[in-house]
Amino acid sequence: YFADDLFGLLLQLGRDVVCYGYLIGQLMQGMSIARFVLYIGIVSGFSIYFSELTMMISQISSCLKPVGQMQEFTELENVYHHGEGVRLKDEKEAVEVEFSHVSFSYPGTDHKILDDVSFRIKKGGKMALVGINGAGKSTTMNIITGYLASTEGEVLINGHNILEEPEEAKKCIGYLPELPPVYTDMTVLEYLKFVAELKKIPKDQRKKQILEVMNLVKITDMQNRLIKNLSKGYRQRVGLAQAVLGYPPIIILDEPTVGLDPKQIIEIRDLIKSLGKKHTVILSSHILSEVSAVCDYVMIIAKGQLVASDTPENLSKLMLGSNTVTCTVHGTRKQLVPALNALDAKEIQYENTPNEEQIKVKITTEKDKDIREELFYALAKANCPILELTSSSMSLEDVFLELTDDSGKAARKLKKAEKEQLKQKECEKECEPEADKTAVGETSEEKSTDAAESAAETKQEEGDAQ
């Protein structure tokens with residue numbers, strides 16, 4: 001728009017210089033005053049006409065680009081509906097981060113900060129990256145954002161390689177480092193306008209988006225204050241606002257609740273949950289209770305390797321190796337034993353309570369079996385009401401401490417449990433004809449590899465026992 005206005009201004013200036021220069025020249029050569037005034041009037045009339053014409057040309061030229069874009073979109077839409085293989089991007093398209101066999105080490109050293117790490121995050125996921133200090137969390141985030149280049153492997157952001165297509169990949173990312181990247185001599189509003197300009201948000205959308213983001217993180221009342229006069233909590237909010245501004249599909253937050261008071265922490269948690277509905281959120285935090293409350297997927301890194309990657313509930317089940325239900329029942333052991341013996345349980349333990357009419361029962365089942373519903377109906381049939389029912393599980397803190405243990409015993413246990421779970425699923429799918437089983441079955445090489453791995457694990461377990 002500025003270019004169009006400048007062009008119109010120069011056009012008018014050139015026209016006026018030519019016309020009035022010619023008239024002044026004629027006046028100096030002896031033109032009568034009356035004729036000069038007449039010509040001035042005619043030129044002024046034409047000047048108004050030319051001004052309107054110039055403005056119309058400017059408006060038409062500024063509209064040509066959107067018209068061309070609309071025409072291009074219509075052509076693509078027609079091709080799409082006629083099934084010629086063009087697929088338009090929309091909000092439903094899966095946005096993801098993909099790490100493929102990524103390793104990283106600093107130049108001149110053999111020590112690997114990351115060692116063959118692979119994972120994949122789909123759209124709408126709220127994923128937490130946890131690990132002890134020096135495990136490789138910050139390095140992983142720096143590689144995702146393109147701040148560091150991986151030594152080996154490939155990183156894709158929404159299908160774009162972060163090294164080969166950095167601009168396209170980084171357009172998909174909003175990043176809040178542990179220390180918010182704010183300019184303290186700017187006001188909050190000035191800073192967000194500056195960020196909107198850097199992110200190339202269209203001018204007609206900037207004001208609306210800035211107001212929406214300020215309302216989202218609750219800093220509207222602080223928009224005219226200098227950032228250097230804000231508290232640490234409010235600076236963190238300003239940093240979060242710049243990450244969300246432009247609504248990138250992937251938002252990366254490194255310790256987002258550091259320095260916030262308890263009320264602000266709850267608000268930020270709720271905000272992260274709401275962001276997960278439309279964005280892919282990657283969170284790094286040392287506060288494991290916060291991870292459990294906010295994220296639906298956890299990745300645990302230890303010594304540069306990904307030792308676990310699952311939901312908190314599944315990690316707890318895999319580490320325990322079984323499900324345990326504890327209940328307090330109103331009844332006697334004589335009533336309970338026949339009813340509970342009919343259940344598919346590995347072990348049933350009875351414990352007396354101070355109240356003679358109540359008894360505490362601990363029931364252990366296979367890790368993939370949920371016995372609570374079956375237990376309810378069995379006790380209802382025996383006329384023994386349940387007064388209390390709890391499902392025992394390991395907390396995320398317990399899982400984390402075991403998996404990051406220096407011995408690595410828990411990590412091997414988890415890996416073995418995952419293999420057993422995978423084999424069980426494969427066994428359930430074995431309903432195919434014998435010919436198909438032969439076609440898709442394991443080769444002798446694969447069987448020998450599994451046998452070798454099993455022998456190695458047994459040997460390692462014996463070493464741990466010793």
Query raised in the report: Between Ile371 and Asp344, is a side-chain contact (heavy atoms from CB on, under 4.5 Å) present by the stated rule, with each step listed?
Result: CA-CA 8 Å; Ile371 204 172; Asp344 183 14; 5.6 Å; no
For residues [X] and [Y], report the shortest heavy-atom separation together with the two atoms involved.
X	Y	result
Leu192	Met214	CD1-CG, 3.5 Å
Gly136	Leu114	O-CD2, 3.8 Å
Arg225	Asn229	NH2-O, 3.2 Å
Gly239	Pro180	CA-CB, 4.1 Å

Looking only at atom types and distance, does a side-chain atom of [X] sit under 3.5 Å from a main-chain N or O of [Y], one as donor and one as acceptor?
X	Y	answer
Lys137	Leu129	no
His101	Glu152	no
Glu212	Leu245	no

Query raised in the report: Just wondering, are more than 12 heavy atoms of other shown residues or ligands nearer than 6.0 Å to OH in Tyr147?
Result: no
[X] side chain near [Y] side chain, heavy-atom distance below 4.5 Å:
X	Y	value
Phe119	Val102	no
Val188	Tyr234	no
Ile348	Val361	yes
Ile252	Val97	no
Leu379	Val329	yes
Thr184	Leu226	no
Phe99	Ile121	no
Asp185	Lys228	yes

Report task. Quick one: sort the Phe194 and Tyr183 rings into parallel, tilted or perpendicular, breaks at 30° and 60°. Result -> perpendicular
**Report entry** Geometric class of the Phe104/Tyr106 ring pair [parallel <30°, tilted 30-60°, perpendicular >60°]
**Finding:** perpendicular
Query raised in the report: Given the rule in the side-chain hydrogen bond (donor to acceptor under 3.5 Å, both in side chains) test, do Asn224 and Thr187 qualify, once you have shown the distances and angles that lead to the verdict?
Result: CA-CA 5 Å; Asn224 294 319; Thr187 65; 5.4 Å; no
Query raised in the report: Is a salt bridge present between Arg372 and Asp370, judged by a nitrogen-to-oxygen distance below 4.0 Å?
Result: yes
Report task. Considering only NZ, NE, NH1 and NH2 on the basic side and carboxylate oxygens on the acidic side, decide whether Glu190 and Lys193 come within less than 4.0 Å. Result -> no
Query raised in the report: Quick one: do the Glu351 and Gln349 side chains pair a donor with an acceptor below 3.5 Å?
Result: no
